[in-house]
Structure formats: C-alpha cells, structure tokens
Amino acid sequence: MKISDAECIIMEVLWRSGEATADQIVGALNSEQDWKPATVKTLLNRLLTKGAITARQNGRRYIYTASTLRTEYVYEHSRGLINRFFNGRVAPLVSQFSEQEALTREDIIELKRLVERLEDES
C-alpha cells in the first residue's frame with residue numbers, strides 16, 4: 001500500500017494515539033500543520049479507500065484506527081527501498097549515507113552496537 005507524505009502524517013497521529021476522531025486528529029496536528037478540517041477528512045477518506053485505516057461510527061462521529069502497525073509499514077517500505085536501489089542489501093544503503101556525510105557520531109555508535117548484537121546472535 002502506498003500512502004502520500006500527507007497521508008503518512010495522519011497515520012503517525014493514529015499510530016501514536018491508537019484511535020482518534022477527525023477533530024482529534026486536527027487538534028493533534030494544530031501545531032505541526034495548518035490544515036483545515038476538510039483537508040484532514042479528505043486524507044482520511046483516501047486512507048479508508050486504500051484500506052490503510054478503518055472507521056467505526058460512534059454517534060455522529062467516526063473513530064479511525066490504523067489497519068497496520070507502524071513497524072510493519074516501515075519494514076515493508078524500507079524493504080522496498082532497499083530492494084529497488086540496493087539489490088536487497090543493507091550495507092550499500094549505509095555506505096551511501098556515509099558518503100554523503102549524513103551519518104552522525106550517534107548513528108555510527110548505534111550501528112556498531114547493532115553489528116555487535118547481530119554477531120552475538122549468529
């Protein structure tokens with residue numbers, strides 16, 4: 001399932017909250033986005049059509065819930081990126097970032113810990 005950047009912002013709210021009404025989503029995004037309620041409702045309808053979220057009626061309002069966990073969505077799209085651009089290998093992805101100086105010292109420390117953990121597990 002492909003979702004746009006704007007739709008992903010809505011998904012992030014639902015992943016954090018578990019469920020929310022359109023008004024709650026608008027409120028959660030108030031400081032981040034200058035979106036009108038109609039914009040949020042349009043994005044919710046797109047996500048419903050794509051099957052990314054579900055809705056259940058509660059009185060006159062709908063309560064929206066993500067259909068997939070954030071970890072599953074991130075894994076699926078990360079795997080797709082790695083397959084498309086790096087022949088399914090993670091090392092060239094990391095190399096690409098390091099060549100562009102996009103890795104911070106903290107990133108390098110975290111990567112070292114990850115490699116050590118993976119070596120211990122194998």
Side-chain angles (χ1 to χ4, degrees):
M1 158 188 2
K2 292 189 179 199
I3 60 174
S4 70
D5 290 345
E7 292 165 345
C8 195
I9 292 169
I10 301 291
M11 293 297 293
E12 287 290 348
V13 172
L14 292 174
W15 284 322
R16 280 193 309 265
S17 65
E19 63 181 25
T21 64
D23 289 340
Q24 289 170 328
I25 294 169
V26 170
L29 295 175
N30 216 11
S31 63
E32 300 171 32
Q33 303 292 327
D34 189 24
W35 289 347
K36 306 278 186 228
T39 301
V40 171
K41 289 177 183 176
T42 297
L43 293 169
L44 287 167
N45 283 327
R46 289 181 190 167
L47 290 165
L48 280 166
T49 301
K50 293 177 181 184
I53 63 173
T54 60
R56 73 177 195 284
Q57 195 163 2
N58 183 11
R60 293 178 2 136
R61 296 182 184 181
Y62 286 93
I63 300 174
Y64 300 94
T65 307
S67 298
T68 185
L69 297 174
R70 185 180 191 282
T71 53
E72 292 170 354
Y73 179 79
V74 169
Y75 175 79
E76 176 186 322
H77 286 274
S78 299
R79 179 53 51 199
L81 172 92
I82 291 167
N83 287 338
R84 274 193 314 278
F85 294 108
F86 302 101
N87 296 321
R89 297 187 56 236
V90 175
L93 169 72
V94 175
S95 177
Q96 177 71 31
F97 275 95
S98 69
E99 290 171 10
Q100 302 298 321
E101 299 180 27
L103 293 178
T104 65
R105 178 141 176 78
E106 291 79 22
D107 289 332
I108 294 167
I109 291 168
E110 193 172 332
L111 285 168
K112 285 180 180 179
R113 284 188 194 134
L114 175 62
V115 168
E116 289 173 4
R117 190 187 86 215
L118 292 171
E119 285 176 339
D120 290 345
E121 290 175 2
S122 60

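Quantities reported herein were computed from a predicted structural model and do not represent experimental measurements.
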Is there a side-chain contact between [X] and [Y] (heavy atoms, below 4.5 Å)?
X	Y	result
L111	L103	yes
Q96	F85	no
D23	V40	no
L44	Y62	no
R70	E12	yes

Check whether any side-chain N or O of [X] sits under 3.5 Å from a backbone N or O of [Y] as a donor-acceptor pair, and report yes or no.
X	Y	answer
Q57	G59	yes
N83	G80	no
S78	Y75	no

Distance (rounded to the nearest 0.5 Å) between [X] [atom1] and [Y] [atom2]:
X	Y	atom1	atom2	value
S17	Y64	OG	OH	13.0 Å
T71	E76	OG1	CD	11.5 Å
S67	K50	OG	NZ	13.0 Å
R61	Q24	CZ	CD	7.5 Å
K36	T39	NZ	OG1	8.0 Å
I53	I10	CD1	CD1	8.5 Å

(message) side-chain contact (heavy atoms from CB on, under 4.5 Å), that's the test. Do R46 and I3 meet it? Break it down for me.
(response) CA-CA 9 Å; R46 289 181 190 167; I3 60 174; over 6 Å; no

(request) Please name the residue in the list N30, V26, I9 that meets the side chain to side chain contact (heavy atoms under 4.5 Å, CB included) test with W35. (result) I9

(message) If you compare all heavy atoms of A66 against all heavy atoms of M11, which two are closest, and at what distance to 0.1 Å?
(response) CB-CE, 3.9 Å

(request) Locate the shortest heavy-atom distance separating T65 from G18; write the atom from each residue and the value. (result) CG2-O, 3.4 Å

Count I, L, V, M, F, W, Y as connected when their side-chain heavy atoms are under 4.5 Å apart, and connections chain through other members. Are [X] and [Y] then in the same cluster?
X	Y	value
I63	L14	no
I82	Y73	no
M1	L81	no
I25	L48	yes

(message) With a 6.0 Å cut-off (strictly less than), is the heavy-atom count around CG of N58, excluding the residue itself, greater than 12?
(response) no

(message) Tell me if the CZ atom of R89 is crowded by more than 12 foreign heavy atoms within 6.0 Å.
(response) no

(message) We want to know whether N45 and T42 form a side-chain donor-acceptor pair, criterion being a heavy-atom distance below 3.5 angstrom.
(response) no

(message) Please determine whether a side-chain nitrogen of the Lys or Arg among E121 and R117 lies less than 4.0 Å from a carboxylate oxygen of the Asp or Glu.
(response) yes

